[in-house]
Amino acid sequence: MQATLMIYDGKAAPDADVPRTGGVPLAPEGFTWPVCDDYCGGPMQFFAHLPVEYGVLSVFVCQNDPGACELWDATSGANRVLLFPPAGLVPVAVPEKGVTLLPAVSAITTRVVTVEPEEDDGDDDLPPDAYDLARSGWKREPGAQFGKQREVLGSLGGSPSYLDEDRLPGCPSCSGTAEFAAHLEEGIDRQTAMKLGGRLGYVFVCRSCSEGAFLTG
């Protein structure tokens, strides 16, 4: 089993064209900043800039009124995933009002990790999960209970970790199947944290429509 972990790699410039959380979005000319369609109607917070083999994923989540806007629900209108072409992107002007930016920018490097399922612990209800095993084992010394899991900011590709099938989102435009693209963790510390209520974020994308869905679980 393999997982492509996204690992914290220090700070980055706000407009760097590198994998990162925080900073400002890079988007095509004429881009309009997404606003929340759930409750508050304000501009969403920019979460992540994720270059992938088929483009650049840009993730937005509403943080203007936590708890009122249902950022955890893929269909609430309180989050947005956009897929941009890999070239021709420019830094976007940030709205003057609303909670739009994370307090810090975190650079990301990727590491492909091969994991083996641990010995049977008597719980046969859940099959081994590649992301969960890779994250929990990151920099864990033999015999140690914990490693440096906080360095793990998520993963790219693979399958959604322990997400019930009835929560798998479809494309918000064509209602077709959206493919899983990434996990997002809250962050390495409070300063860099994306406020997800202690939950794991899931990013899905429809390549045909160049947009996707976000939810937490």
Specify the closest pair of heavy atoms between [X] and [Y], including all atoms of both residues, with the distance to one decimal.
| X | Y | result |
| --- | --- | --- |
| P51 | H49 | CD-O, 3.5 Å |
| P34 | R80 | CB-NH1, 4.1 Å |
| E185 | V152 | CG-O, 3.5 Å |
| V18 | A12 | CG2-CB, 4.4 Å |
| F204 | V81 | O-CG1, 3.7 Å |
| C40 | C69 | N-SG, 3.5 Å |

With a 4.5 Å cut-off on side-chain heavy-atom distances among I, L, V, M, F, W and Y, is there a chain of contacts connecting [X] to [Y]?
| X | Y | result |
| --- | --- | --- |
| V203 | L153 | yes |
| V92 | L101 | yes |
| Y202 | M6 | no |

Is V35 isolated, or which residues cluster with it under the ILVMFWY side-chain rule of less than 4.5 Å, directly or via members?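 For V35, no cluster forms, as it stays isolated from other hydrophobic side chains.
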
Are side-chain heavy atoms of [X] and [Y] found at a separation under 4.5 Å?
| X | Y | result |
| --- | --- | --- |
| V56 | L26 | no |
| N79 | W72 | no |
| F47 | T21 | no |
| C171 | T177 | no |
| C206 | C174 | yes |
| V113 | W138 | yes |
| M1 | T114 | no |
| L57 | L82 | no |

Please round to the nearest 0.5 Å and tell me the distance separating atom [atom1] of [X] and atom [atom2] of [Y].
| X | Y | atom1 | atom2 | value |
| --- | --- | --- | --- | --- |
| D65 | Y39 | CG | OH | 6.0 Å |
| L163 | L215 | CG | CG | 5.5 Å |
| L168 | E179 | CG | CD | 12.5 Å |
| M194 | L184 | CE | CG | 4.5 Å |
| R207 | Y54 | CZ | OH | 5.0 Å |
| S58 | L89 | OG | CG | 9.0 Å |

Quick check on side-chain contact (heavy atoms from CB on, under 4.5 Å): which of L50, D9, I7 does I108 satisfy it with?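 Considering L50, D9, I7, a side-chain contact (heavy atoms from CB on, under 4.5 Å) with I108 is found only for L50.
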
Run the side chain to side chain contact (heavy atoms under 4.5 Å, CB included) test on T4 and R111 for me, step by step, so that the C-alpha distance in whole Å, both residues' side-chain angles and the decisive distance to 0.1 Å come before the verdict. CA-CA 6 Å; T4 302; R111 294 287 186 272; over 6 Å; no

Pair E151, K139 - check salt bridge (Lys or Arg N to Asp or Glu O under 4.0 Å), show working. CA-CA 9 Å; E151 293 182 354; K139 288 189 177 179; 3.3 Å; yes

Okay, side chain of [X], backbone of [Y]: is any donor-acceptor separation there less than 3.5 Å?
| X | Y | result |
| --- | --- | --- |
| R20 | G22 | yes |
| S76 | E70 | yes |
| R150 | G187 | yes |
| E186 | K195 | no |

Salt bridge (charged side-chain N to carboxylate O under 4.0 Å, His left out): pairs with one or both residues in residues 162-174, sequence neighbours excluded: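 As it turns out, there is no salt bridge (charged side-chain N to carboxylate O under 4.0 Å, His left out) pair with a partner in residues 162-174 once direct neighbours are skipped.
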
Hey, could you give me each pair passing salt bridge (charged side-chain N to carboxylate O under 4.0 Å, His left out) that has a residue in residues 32-60? Not counting sequence neighbours.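 Output for this query is empty, none listed.
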
Chi angles and distances behind the side chain to side chain contact (heavy atoms under 4.5 Å, CB included) call for V59, F214: CA-CA 8 Å; V59 183; F214 177 87; 4.0 Å; yes

Checking ring-ring contact (aromatic ring centres under 6.0 Å, His included) for the pair F84/F31: CA distance, chi angles, key distance, verdict? CA-CA 10 Å; F84 298 136; F31 170 78; 5.6 Å; yes

V105/K11 under side chain to side chain contact (heavy atoms under 4.5 Å, CB included): CA gap, chis, key distance, verdict: CA-CA 6 Å; V105 185; K11 298 179 180 179; 6.0 Å; no

L200 and T216: CA distance, side-chain angles, deciding distance, side chain to side chain contact (heavy atoms under 4.5 Å, CB included) verdict: CA-CA 5 Å; L200 178 62; T216 67; over 6 Å; no

For the pair F60 and W33, evaluate ring-ring contact (aromatic ring centres under 6.0 Å, His included) and give the outcome as yes or no after the intermediate values. CA-CA 9 Å; F60 295 81; W33 196 286; 5.6 Å; yes

Excluding sequence neighbours, so at least two apart, what forms ring-ring contact (aromatic ring centres under 6.0 Å, His included) with Y8?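 ring-ring contact (aromatic ring centres under 6.0 Å, His included) check on Y8 returns nothing, list empty.
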
Partner set under side-chain hydrogen bond (donor to acceptor under 3.5 Å, both in side chains) for S161, not counting sequence neighbours: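 S161 satisfies side-chain hydrogen bond (donor to acceptor under 3.5 Å, both in side chains) with D129 only.
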
List the residues meeting side-chain hydrogen bond (donor to acceptor under 3.5 Å, both in side chains) with S106, not counting sequence neighbours, and say none if there are none.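 S106 satisfies side-chain hydrogen bond (donor to acceptor under 3.5 Å, both in side chains) with no other residue.
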
Can you list the steps and then say if H183 with F180 is a ring-ring contact (aromatic ring centres under 6.0 Å, His included)? CA-CA 9 Å; H183 294 106; F180 177 71; 4.6 Å; yes

